[in-house]
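Read through the structure below, which is laid out as structure tokens, and then see the notes.
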Amino acid sequence: MTLTRRRLLAGMAAGAALPALPRTLGAAAAAMPVLRTEELSARLLPPEYPETRLWSYAGRSPGPELRLAQGARLRRRLENRLPAATTVHWHGIRIDNAMDGVPGLTQDAVPPGASFDYDFALPDAGTYWYHAHEKSYEQVARGLYGALIVEEPDPPEVDREEVLVLDDWRIDPATGQLAANFEMPHDRSHAGRIGNYITTNGAQTLELAARRHERLRLRLVNASNARIFRLGLMGLEGWLMALDGMPLETPAPLTATLTLAPAQRADLIVDVIAEPGGEAFLVRQERDGGYAQAVFAVAGQAGAARRDAPGALPPNPVTALKAPGTARRLTLHMEGGAMGGMQGAMLNGRAADMREIAGANQFWAFNGMVGMPDAPLAELDRGEEVRVAIRNDTAFPHAMHVHGHHFREIGADGARGPWRDTLLVDRGETREIGFVADNPGDWLFHCHMLAHAASGMMTWFRVTG
Ligand SMILES: [Cu+2]
């Protein structure tokens with residue numbers, strides 16, 4: 001495996017100096033802690049390039065790490081100082097529906113200069129994240145996201161932890177600014193907005209210090225619009241502890257590559273096995289080899305010997321699936337996109353052919369409907385169990401995200417996979433998920449390749465009672 005510490009953008013030239021950014025200062029102090037959206041000029045690229053204009057929470061991208069105890073309430077007043085309306089979605093939180101941050105479904109988008117109070121309980125420990133949900137294909141691409149960490153009352157023994165937020169930016173090499181083509185038909189109809197500049201916590205190669213035999217908890221978040229990360233370890237030995245916030249019943253030794261689709265998270269526990277003076281890596285696998293996503297400079301020893309393998313994290317209080325056979329069965333048929341062969345679908349309430357659909361900059365359909373339907377995919381009674389067979393009849397993988405609930409994949413043999421909130425469904429696959437609809441409200445169910453969600457791959461379900 002080759003390993004390149006840094007890879008610079010091909011063809012980048014130094015751009016002109018940046019104009020000063022307009023900035024509106026905050027209003028009087030409010031009772032609620034404030035989470036302010038604002039423009040930001042960030043040192044994202046190497047020093048020979050100008051700063052890059054982003055959108056941010058609290059003047060940082062990733063936004064401030066929000067860290068609370070399991071069972072606590074998260075309270076934040078979103079103050080919108082951006083030139084566009086926005087909302088916050090608290091991804092993976094089994095949340096009160098009114099706080100889910102989906103414009104047009106659970107709240108109105110918050111206009112520039114206005115505010116919205118988010119106040120909700122955190123039922124589950126784990127690694128979550130928050131991000132804009134209005135025009136998310138643009139706002140997340142501009143940097144509007146951050147990590148949300150919910151701590152276990154009795155956390156595992158580690159020397160320290162690192163939250164690693166991965167992103168994939170599309171930079172215009174001529175200016176060092178974000179490429180402004182957020183609604184490009186080619187992205188929408190293909191793999192989404194794939195970038196050309198990959199970062200961890202805003203750094204092209206995040207550099208951290210470590211000691212031999214040190215035990216770290218790594219919390220990985222894929223905040224990118226569309227990139228599927230394939231990750232591995234060098235000089236580290238690790239276990240996969242949790243996916244999408246939810247602990248695995250048994251920690252899984254990380255021997256193979258870990259796939260992290262957009263919006264997915266993974267908790268790892270890793271032991272540093274590289275020698276003092278050496279380096280250890282979180283490696284990003286690409287077709288042409290491995291790249292350093294994060295590098296640990298190893299100095300000194302944390303202990304004389306390796307430790308025992310970690311035990312499982314305590315489970316979260318997710319409602320267990322019942323016996324098979326009682327569940328309501330649904331199908332989600334995914335069609336469209338380039339090379340997908342879709343002939344037509346319902347668009348804005350009437351049948352349309354593919355040319356007309358593409359003319360509206362739409363490309364995908366769920367169950368023959370382009371975009372958010374008026375009627376829900378299903379109305380479920382609270383406490384009802386549901387199984388959804390997700391059939392990917394397109395030429396691209398899709399990261400399907402259920403709001404308000406975690407689900408388990410049900411294998412062909414009935415085996416139940418780990419609890420997740422986002423499932424990567426590859427081209428040609430049919431994958432079944434199951435969950436108990438125990439959270440009342442209207443919940444979005446969509447592809448987290450954000451350009452796909454904006455061009456047809458969005459539906460919703462209602463839980464009543
Ligand atoms: Cu998709």
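Read the numbers this way: they start at 1 and go in the same order the structure lists the ligands and their atoms. Because the structure is a prediction, the values reported are computed rather than measured.
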Salt bridge check: are [X] and [Y] linked by an N-O gap of less than 4.0 Å?
| X | Y | answer |
| --- | --- | --- |
| Glu286 | Arg284 | yes |
| Arg53 | Glu51 | no |
| Glu161 | Arg219 | yes |

Item to check | Minimum side-chain heavy-atom gap Arg408-Arg420 below 4.5 Å | outcome: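 No, every pair of side-chain atoms sits at 4.5 Å or beyond.
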Item to check | Atoms of the protein (N/O/S only) found under 2.8 Å from the Cu ion (ligand 1) | outcome: His398 ND1, Cys447 SG, His452 ND1
Checklist entry - For Glu432, what residues pass the side chain to side chain contact (heavy atoms under 4.5 Å, CB included) criterion, not counting sequence neighbours? => result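 Partners of Glu432 by the side chain to side chain contact (heavy atoms under 4.5 Å, CB included) criterion, ordered by chain and then number, come out as Arg329, Arg387, Ile410.
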Item to check | Face-on cation placement of Arg188 at Tyr137 ring, 6.0 Å and 45° thresholds | outcome: yes
